[in-house]
Amino acid sequence: MKYRRIIVWFRNDLRIHDNVTLSMACEKAEEVIPVYCFDPRHFGEIDLGMEKMGNLRAKFLKETVSELRQNLQKLGADLVVLQGFPEKEIPNLAVSLQAEAIFFSEEVTDEEKQVDDALESTAWKKGIKTRSFWQHTLFHIDDLPFPIGQTPEVFTQFRKECEKFCKVRLHASTPNAINFPKIEIEKGQIPALSEFGLEEPEDTGRGVLMFKGGEQEGLRRLQTYFWNLDCLKDYKNTRNGLLGANYSSKFSPWLALGCLSPRQIYWEVKRYEKERVKNDSTYWLVFELIWRDYFRFIAKKHGNKIFQLKGIKPFADRWRRDESLFWKWANGHTGIPFVDANMRELNGTGFMSNRGRQNVASFLVNDLGIDWRWGAAYFESKLIDYDVCSNWCNWMYVAGVGNDPRENRYFNILKQGSNYDKKGDYVRHWIPELGKVPGFDIHRPFELNASELKRYGVSLGGNYPHPIVSMKVFT
């Protein structure tokens, strides 16, 4: 069926390349109207006065939407920017512009699905067709070797079955031009952060990479990491790093908003394997993309359980809800340098290494016993690479209420510091007040005597806090 005019509702698929929704709209319609809607429910306060989307996340989103508009303009189209509830604004726009259908990407979690259902219901009442497309994962949902309700609970089984029975589909075609209606359309302005009650973030100057939103920025990072710097061949060996731009791919912020397609990355890995080298590292990057798939399919299988205290387990443990302790953790004031350094990086840049995330999450839930959902909500607010499925399923995993067959995922923070920051360079970078403490001692200033602390310019309880818990000795 050929439509005269289709609206393409962009969500977390903010790209031109490998965009099934856009590609299908261009194929099915004479004219295409791309739309993005800033939903006020994505902003504002949540638990404990936290912002649902903090300023670093919002800035990255704003940059991404701005570049999407520029990329569409290069193809002869434009981006209509709306503010309000998408389920109301987009059908109303469709009526006013006489669009016959609305195409959009399918989401899996409750808040997004409620919007989908409401939009489809409103559109149907107005005589407008809707169609959703699956495109956030490496493996397409229709290609899985099991129904969603039988998605394996253990990642290894999921991975092995998908690797054996699934093939990654080829890219969707990238349009060379988009036929945008030649009528008067109010395009709308991309809102300032202040319109959402947010301040422009300050650059700390300490971030491992200058993250900027947008499809071209994501593709540029892919080109740099794979081809210009040839880092992929060493990925498995360096991925647990803490300092520097290239210890890991850092594709996650662009994946989260759909600036990069997982299939684009996959097929670029395959090209790298042909033209450069095929080894454990090239496999391991795909392995990490499969983890991302796994959490999305688990979220679709279990629905709202991933947001509940007991997770997907049959009963709930007892958790503390101590706001004072939580905010010491959140603000990087625990007195445990490895935890504080990671939290300060998160607060200052919106990013944290995978190794750091595991450690600070373990510290919150295992050492402090704080409700894991508070930690997940804080990450939602701060992380520029926030992905609802990966974030909440990872927190369930660390809290022992998710899919990990092991009951206790406790990380000994001092041992982790010894393994991954033995000389203390990472802590020194983010906690300058401890900068004069030599070597591994920087991880345990609380074990130094008074004369040593004085020599290094450290005052526990003064310029650096006393530890809020006693750390376990490791051997």
Side-chain angles (χ1 to χ4, degrees), residues 18 135-141 143-146 151-171 218 221-222 224-227 229-242 246-256 258 260-301 351-359 361 383 385 387 389-398 402-406 409 411 419-420:
D18 192 28
Q135 64 169 352
H136 289 304
T137 52
L138 185 64
F139 299 118
H140 196 283
I141 191 170
D143 299 338
L144 294 179
F146 38 74
T151 300
E153 295 294 343
V154 177
F155 170 71
T156 300
Q157 183 184 351
F158 172 88
R159 174 183 59 80
K160 288 181 176 179
E161 290 192 36
C162 287
E163 287 177 336
K164 184 175 181 179
F165 297 110
C166 292
K167 290 185 177 180
V168 177
R169 295 185 180 187
L170 296 175
H171 312 94
R221 175 61 186 171
L222 183 63
T224 298
Y225 188 77
F226 278 19
W227 302 103
L229 300 179
D230 204 25
C231 294
L232 178 55
K233 69 180 188 300
D234 300 314
Y235 171 74
K236 188 179 180 183
N237 300 321
T238 63
R239 66 192 176 89
N240 281 315
L242 298 166
N246 301 309
Y247 62 79
S248 67
S249 72
K250 311 216 171 33
F251 295 153
S252 57
W254 294 286
L255 277 167
L260 276 178
S261 149
R263 293 193 300 195
Q264 171 79 13
I265 296 173
Y266 175 85
W267 289 113
E268 201 71 5
V269 169
K270 293 301 163 186
R271 183 164 79 90
Y272 184 94
E273 288 179 337
K274 285 183 179 180
E275 298 182 16
R276 296 276 174 93
V277 64
K278 181 178 181 179
N279 60 15
D280 285 349
S281 288
T282 58
Y283 168 74
W284 210 260
L285 195 134
V286 175
F287 177 93
E288 296 293 353
L289 291 175
I290 298 174
W291 261 110
R292 187 173 171 275
D293 273 20
Y294 168 68
F295 282 141
R296 183 160 290 261
F297 290 123
I298 285 293
K300 185 168 177 61
K301 175 181 179 179
F351 185 81
M352 188 194 297
S353 70
N354 180 62
R355 180 57 46 184
R357 296 178 202 209
Q358 292 177 317
N359 274 276
L383 284 171
D385 63 0
D387 172 275
C389 303
S390 293
N391 182 66
W392 287 85
C393 289
N394 262 312
W395 271 94
M396 280 202 308
Y397 191 81
V398 173
N403 304 83
D404 194 340
R406 291 171 289 179
R409 286 194 59 81
F411 286 78
N419 289 343
Y420 299 102

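Both backbone and side-chain heavy atoms feed into the values below; hydrogens, waters and symmetry mates do not. Index from 1, following the sequence.
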*asked:* Are F139 and Y294, when compared by the centres of their aromatic rings, separated by less than 6.0 Å?
replied: no

*Quick check: does any side chain N or O of S390 sit under 3.5 Å from a backbone N or O of D387, one acting as donor and the other as acceptor?*
no

_Using modelled atom types and a 3.5 Å cut-off, is there a donor and acceptor pairing between side-chain atoms of T151 and backbone atoms of I298?_
no

*Inter- and intrachain pairs under salt bridge (charged side-chain N to carboxylate O under 4.0 Å, His left out), touching residues 280-292, at least two apart*: R239-E288

*Evaluate side chain to side chain donor-acceptor pair (under 3.5 Å) for W227 paired with E275, printing each intermediate quantity in order.*
CA-CA 10 Å; W227 302 103; E275 298 182 16; over 6 Å; no

_Any residue meeting side chain to side chain donor-acceptor pair (under 3.5 Å) with N240, in chain and number order, not counting sequence neighbours_ = R355

*For K250, which residues count as a side-chain contact (heavy atoms from CB on, under 4.5 Å) partner, sequence neighbours excluded?*
V208, L209, F211, R221, Y247, S248, F351

*Are the side chains of R276 and K233 in touch, meaning some heavy atoms are under 4.5 Å apart?*
no

*Pairwise side-chain contact, Y235 with Y225, heavy-atom cut-off 4.5 Å (strictly under)*: yes

_Go through it in stages, so that I can follow the logic: the residues are R169 and D18, the test is salt bridge (Lys or Arg N to Asp or Glu O under 4.0 Å), and I'd like the CA-CA distance, side-chain angles, deciding distance and then a yes or no._
CA-CA 11 Å; R169 295 185 180 187; D18 192 28; over 6 Å; no

*asked:* Students often mix this up, so state it plainly: with edges at 30° and 60°, are the rings of F158 and F297 parallel, tilted or perpendicular?
replied: tilted

_When you compare the side chain of V154 with that of N403, does any pair of heavy atoms fall below 4.5 Å?_
no

_Flag, side chain of D293 to backbone of L138, donor-acceptor distance under 3.5 Å_ = yes

*asked:* Can you list everything that forms a side chain to side chain donor-acceptor pair (under 3.5 Å) with R159? Sequence neighbours excluded, please.
replied: E163, Y283

*Report the distance from atom NZ of K301 to atom CZ of F146, rounding to the nearest 0.5 Å.*
9.0 Å

*Taking the side chain as every heavy atom from C-beta outward, state whether L289 and V269 have any atom pair closer than 4.5 Å.*
no

*Could you please spell out the steps behind the side-chain contact (heavy atoms from CB on, under 4.5 Å) verdict for W267 and L170?*
CA-CA 8 Å; W267 289 113; L170 296 175; 3.8 Å; yes

*How long is the gap from CZ on F251 to CG on L260, to the nearest 0.5 Å?*
7.0 Å

*Are N237 and W284 side-chain neighbours, meaning at least one heavy-atom pair lies under 4.5 Å?*
no

*Starting at CE of M352, measure out to CG of D385 and round the result to the nearest 0.5 Å.*
10.0 Å

_Presence of salt bridge, K167 and D143, under 4.0 angstrom_ = no

*Aromatic ring pairing W291/F287, orientation class (parallel under 30°, perpendicular over 60°, tilted between)*: perpendicular

*Out of curiosity, Y272 OH to L232 CG, how far, rounded to the nearest 0.5 Å?*
5.0 Å

*asked:* How close do S261 and L255 get, counting heavy atoms only, and between which atoms?
replied: C-CD2, 4.1 Å

_Against I141, only a single residue in H136, R296, Q135, K300 fulfils side-chain contact (heavy atoms from CB on, under 4.5 Å); can you say which?_
K300

*Please round to the nearest 0.5 Å and tell me the distance separating atom CH2 of W254 and atom CG of L222.*
10.5 Å

*Considering all heavy atoms of both residues, which atom of S353 and which atom of G241 are nearest to each other, and what is their separation?*
CB-O, 3.6 Å

*asked:* Could you check whether any side-chain N or O of T238 sits under 3.5 Å from a backbone N or O of D234, counting only pairs where one atom can act as donor and the other as acceptor?
replied: yes

*Mind checking side chain to side chain donor-acceptor pair (under 3.5 Å) for K160 and listing every partner two or more places apart, or none if nothing turns up?*
none

*Does Q157 have any side chain to side chain donor-acceptor pair (under 3.5 Å) partners at least two apart in sequence or in another chain, and if so, which?*
E161

*Nearest-0.5 Å distance, CD of residue E273 to NZ of residue K270*: 4.0 Å

*Could you check if a side-chain atom of L285 sits within less than 4.5 angstrom of a side-chain atom of S249, using non-hydrogen atoms only?*
yes

